[in-house]
Amino acid sequence: MRDDLLDPRAVLLHESAPDRTAAIRRCGRALVDVGAVGEPYIEAMLERERSISTYVGEGVAIPHGTNASKGDVVRDAICVVRFPGGVDWDGMRVTLCVGIAARDNGHVPLLAALAEILLDPDRARALREATEVSDVIKELTA
């Protein structure tokens, strides 16, 4: 995965959220805070979640906006937000959210790269259990 996609400030490893909506808002806020997206993108992430769950298995969700929200994306980026206590995701327990912001079709290679990492049980576990920003960056850019 391109190492310019993940700003270290968008790696939050000790978050908590009362529910899925709050977790998605936290991901969106991380992307806004690093200048990757405009404010409206957060609502687009919630809209996407209402249409189809972004839960992908292994305690991981990949929230992202709708096709209509591409104009709110300033630059392709991801955020990694860890919820050690877990978040109920429609009956599943999520401990790691990887938020995606992508212009045009930039989400396709991003999702492919993430899938490759998350399908490797050791790498997925390393991401879920990371407590240092440098560990997350190393895992995602290896």
Side-chain angles (χ1 to χ4, degrees), residues 1-120 123-142:
M1 183 177 299
R2 291 185 359 230
D3 56 3
D4 64 327
L5 295 171
L6 181 59
D7 184 314
R9 297 171 302 160
V11 179
L12 308 168
L13 301 177
H14 308 285
E15 299 297 304
S16 63
D19 56 34
R20 172 169 61 169
T21 297
I24 293 169
R25 284 188 189 284
R26 188 65 194 99
C27 287
R29 174 60 46 208
L31 292 168
V32 169
D33 288 348
V34 297
V37 299
E39 272 307 315
Y41 193 76
I42 297 172
E43 288 307 315
M45 292 173 85
L46 292 167
E47 185 180 327
R48 162 73 66 200
E49 190 67 36
R50 283 190 292 272
S51 68
I52 185 164
S53 177
T54 57
Y55 179 76
V56 295
E58 294 294 320
V60 179
I62 305 179
H64 54 285
T66 60
N67 288 337
S69 67
K70 301 247 182 238
D72 296 315
V73 177
V74 177
R75 63 178 171 82
D76 291 1
I78 65 171
C79 66
V80 176
V81 183
R82 190 167 156 265
F83 299 95
V87 177
D88 175 48
W89 213 273
D90 202 24
M92 305 305 285
R93 183 175 180 266
V94 166
T95 55
L96 186 75
C97 285
V98 180
I100 295 181
R103 296 179 68 81
D104 305 319
N105 288 323
H107 67 288
V108 176
L110 271 176
L111 287 169
L114 281 172
E116 187 178 314
I117 292 165
L118 297 172
L119 288 172
D120 178 328
R123 290 182 77 189
R125 184 173 50 258
L127 268 182
R128 281 194 314 272
E129 296 174 0
T131 56
E132 298 294 329
V133 172
S134 58
D135 294 338
V136 171
I137 293 171
K138 183 183 83 174
E139 211 48 62
L140 290 176
T141 58

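From a predicted model like this one, the values you see are computed outputs, not experimental measurements.
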A.B. asks: I need the minimum non-hydrogen distance between His14 and Thr131, along with the two atoms involved.
C.D. replies: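 Nearest heavy atoms, His14 then Thr131: NE2-O, 3.8 Å.
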A.B. asks: Do the non-hydrogen side-chain atoms of Ser53 and Arg20 ever get within less than 4.5 Å of each other?
C.D. replies: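 Contact flag for Ser53/Arg20 side chains = yes.
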A.B. asks: Give me the atom names and distance for the closest heavy-atom approach of Gly35 to Val74.
C.D. replies: O-CB, 3.5 Å
A.B. asks: Which donor-acceptor pairs under 3.5 Å do side chains of residues 87-102 form with protein atoms, sequence neighbours excluded?
C.D. replies:
{"residue": "Asp88", "atom": "OD1", "partner": "Gly91", "partner atom": "N", "Å": "2.9"}
{"residue": "Trp89", "atom": "NE1", "partner": "Glu49", "partner atom": "OE2", "Å": "3.0"}
{"residue": "Arg93", "atom": "NH2", "partner": "Pro84", "partner atom": "O", "Å": "3.3"}

A.B. asks: Side-chain contact test, heavy atoms from C-beta onward, threshold under 4.5 Å: evaluate it for Leu5 versus Leu140 and give yes or no.
C.D. replies: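 Not touching, per the 4.5 Å side-chain cut-off.
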A.B. asks: So, for Ala130 and Leu13, which heavy atoms are closest and what is the spacing to 0.1 Å?
C.D. replies: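 Minimum heavy-atom contact is O-CD1, 4.0 Å.
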A.B. asks: List the residues meeting salt bridge (charged side-chain N to carboxylate O under 4.0 Å, His left out) with Arg82, not counting sequence neighbours, and say none if there are none.
C.D. replies: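 For Arg82, no residue satisfies salt bridge (charged side-chain N to carboxylate O under 4.0 Å, His left out) once neighbours in sequence are set aside.
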A.B. asks: Counting C-beta onward and ignoring hydrogens, is there a side-chain heavy-atom pair between Leu31 and Val73 closer than 4.5 Å?
C.D. replies: no
A.B. asks: To check you understand the geometry: which heavy-atom pair defines the closest contact between Pro18 and Ala22, and what is its length?
C.D. replies: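 The pair with the smallest heavy-atom distance is CD-CB, 3.6 Å.
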A.B. asks: Output the distance between atom CD1 (Ile42) and atom OG1 (Thr21), rounded to the nearest 0.5 Å.
C.D. replies: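 So the gap between those two atoms works out to 12.5 Å.
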A.B. asks: So which heavy atom on Ala23 is nearest to which on Ala17, and how close?
C.D. replies: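 So the two residues come closest at N-CB, 3.7 Å.
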A.B. asks: Any side-chain heavy-atom pair from Leu12 and Cys79 closer than 4.5 angstrom?
C.D. replies: no
A.B. asks: Sequence neighbours excluded, which residues qualify as salt bridge (charged side-chain N to carboxylate O under 4.0 Å, His left out) partners of Glu58?
C.D. replies: Arg128
A.B. asks: Could you tell me which non-hydrogen atom of Cys27 sits nearest to which non-hydrogen atom of Val81, and how far apart they are?
C.D. replies: SG-CG2, 3.9 Å
A.B. asks: Return the CG to CD1 distance between Leu127 and Ile117, rounded to the nearest 0.5 Å.
C.D. replies: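 Rounded to the nearest 0.5 Å, the CG-CD1 separation comes out at 6.5 Å.
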A.B. asks: Considering only residues two or more places apart or on different chains, which pairs with a residue in residues 129-142 satisfy salt bridge (charged side-chain N to carboxylate O under 4.0 Å, His left out)?
C.D. replies: Arg123-Glu139
A.B. asks: Can you list every pair that meets side-chain hydrogen bond (donor to acceptor under 3.5 Å, both in side chains) and has a residue in residues 37-46, with sequence neighbours left out?
C.D. replies: Arg25-Glu43, Arg29-Glu39
A.B. asks: Under a 4.5 Å cut-off applied to non-hydrogen side-chain atoms, are Arg9 and Asp33 in contact?
C.D. replies: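 Sidechains of Asp33 and Arg9: no contact.
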A.B. asks: So do Arg50 and Glu47 actually touch side chain to side chain, heavy atoms under 4.5 Å?
C.D. replies: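 Yes, their side chains come closer than 4.5 Å.
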A.B. asks: Quick one: salt bridge (charged side-chain N to carboxylate O under 4.0 Å, His left out) partners of Arg75, sequence neighbours excluded?
C.D. replies: none
